[in-house]
Structure formats: C-alpha cells, structure tokens
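All remarks here apply to the structure that follows.
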Amino acid sequence: MHTGDWPKTAEDALAVQERLRGLVDLVDDLAELPPTVTGLDVAYDGADGIAAAVVTLETTGLTVVEQRTHRARAVFPYEPGLFAFRELPPLLAALERLDREPDVLVCDGHGLAHPRRFGLACHLGVLTGLPAFGVGKTRFVGSHAEPGPSRGSAEPLVDAGEEVGAVLRTQDGVKPVYVSAGHRIALAHACRLTLALAPRYRLPETTRLADRLSRVALR
DNA sequence: GCGACAG
DNA sequence: ATCTTGTCGC
C-alpha cells in the first residue's frame, strides 16, 4: 500500500482501517529488552508541509544508532479517529530509509486506545509487521483513576468496559502519559519499555528526539 | 439533543 | 499540530 492508492475520503479511510484491523496480532514475542527502540514523530508548517522523523536508539544507554527524515505534502486532513491517514505516508517513507530494521516502534499517539481499537500505533505495526505501541500525551478515549504521584505509578485506561491502555506516570509529580499496545506487544511490556525510555523527562527519549528532528527537517 | 474529539 | 513572552525553578 503506497501513496498512490491512499484513501482520499473519510469513508475510504474507514474501510481501509477496518480491513487492517483484522490483521492485528497481540502476541508478545519481543525480547524483554530489545537491542534497539525506534521513535517516530511528525511536524507541520503553517500550510500543508509535513516532515516525518524516525530515530533508532540503543535501548541500553539511549544513544542514537540511526536517524532518518522525509518531507512531503499532507495528503489527508486531520480527523480524530483517522489521524493515521495523515501521518502514515511520510512516516513509512522515513522508515524505509533506515538501514537497520527496527526492533520495536514507539509511536507518538495511541494504539488500541482508539474508538475502533485501531490507532496510529496499530496501523504502523500492521503495515510494517513490526512490534509497535503508542505513547500519547493526552487522552483520546476511556476513563481512569488518577495514578499515584510517583514515577512508575499506573492506572488502567478503560473504554466501554474494555481495558485499552494504561495511564502511566513517568516522572514524579508530572502529568502522566497514555500507553497502549499497537501490534505484537503486551501492554505491560510497553509500559516497562516506556519507563526505561523516560529516565529523566515525561516523554520517552525516542519521542523527544524524533520530535526535535522532525522540526529541524521542516526548515 | 449536547459535548468530546490522538496530532 | 501550531500561534507565542515572560517567567518560575533546577
């Protein structure tokens, strides 16, 4: 699937999303501590310019192994629930430029914590076949209790009676993040990894570095 | 019917 | 996401 036959309308996107949704695999085969972690993010300019960035870090030490970017024109408007169709094209292009195959993708957005249980992290996982999970900065769906005040505290994120993710405190006294599985990874594993990637700041280093790189790529 | 609504 | 100054704190 490439930008050529990319859905142009919300109706088409919903159909594609529904088709891909059947391909999600929730079996967790990922090593407890994968050698590397790859973060992805996108930045926009005032018009329709869009820049994607992917950064692969060594899981131990969080040092940069490889990083790539891709600039393009936005081909799909932002629409809650169909967010993936806006960011996926440049993200996939940037991923294809990597020399080393990622071990796991850390996405800036949600996975199963989505109205139809298929957010950006699920799309990225299914389309690449790689383990993937999402770390969102704000809630999209579901409700939850307030996590304890210390780093590592977490509460389940529940939507329509289903546990779709976790609200995880990555730093003492700082607003928590929303973690959800995307593909080939368990929620608990995603949370452990998220904590390992956020030793100092609220957001995982993968997201912080990809965010910074995408902004630079936009200039 | 009235809000809410990832980035 | 992005528009935006100063300001509080380590």
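Throughout, protein chains are lettered first and strands after them, A, B, ... in sequence-line order, and every chain is numbered starting at 1. Side-chain atoms are counted along with the backbone in the values below, which use heavy atoms only and exclude waters and symmetry mates.
Counting to the nearest Å, the C1' atom of B:dG7 and the NE2 atom of A:His114 are 12 Å from each other. Distance, A:His123 NE2 to B:dG7 P: 16 Å, rounded to whole Å. Atom CG in A:Leu120 sits about 13 Å away from atom P in C:dA1, given to the nearest Å. Taking atom CZ of residue A:Phe140 and atom C1' of nucleotide B:dC5, one finds them 6 Å apart after rounding to whole Å. For A:Asp172 and C:dG9, the CG to P distance is 18 Å, given to the nearest whole Å. Separating the NZ atom of A:Lys137 from the P atom of B:dC5 is a distance of 15 Å, rounded to the nearest angstrom. In this structure, CZ of A:Phe83 is placed 7 Å from P of B:dG7, rounded to the nearest angstrom. A straight line from CG of A:Asp211 to C1' of B:dA6 spans 15 Å, rounded to a whole angstrom.
A salt bridge links A:Arg73 to A:Asp48: at least one charged side-chain nitrogen sits closer than 4.0 Å to a carboxylate oxygen. Between A:Glu162 and A:Arg117 there is a salt bridge, since a side-chain N of the basic residue sits under 4.0 Å from a carboxylate O of the acidic one.
Closest to the A:Tyr78 side chain, of the nucleotides B:dA6, B:dC5, C:dA1, is B:dA6. Of the candidates B:dG7, B:dC5, C:dA1, the closest approach to any side-chain atom of A:Pro80 belongs to B:dC5. The side chain of A:His110 has B:dA6 as its nearest neighbour among B:dA6, B:dC5, B:dG7.
A perpendicular orientation is assigned to the rings of A:Phe85 and A:His123, their planes being inclined by more than 60° (bins at 30° and 60°).
Within residues 36-52 of chain A, the residues that have a heavy atom under 4.0 Å from DNA chain C are, in order of number, A:Ala43, A:Tyr44.
In terms of heavy-atom proximity, A:Leu203 sits nearest to A:Arg208 at O-CD, 3.5 Å. Across A:Asp103 and A:Pro34, no two heavy atoms sit closer than the pair CB-CB, 4.0 Å.
Judged by distance alone, the side chains of A:Asp108 and A:Thr207 never bring a donor and an acceptor atom under 3.5 Å apart. Between the side chains of A:Tyr44 and A:Glu87, at least one donor N or O sits under 3.5 Å from an acceptor N or O.
Summary of the strand contacts: A:Arg215 and A:Arg200 both lie near DNA chain C, and taking for each the nucleotide with the nearest heavy atom, the more 5' one is attributed to A:Arg215.
Heavy atoms of A:Gly81 sit under 4.0 angstrom from at least one base atom.
Distances shown here put a side-chain N or O of A:Arg139 below 4.0 Å from the OP1 or OP2 atom of B:dC5.
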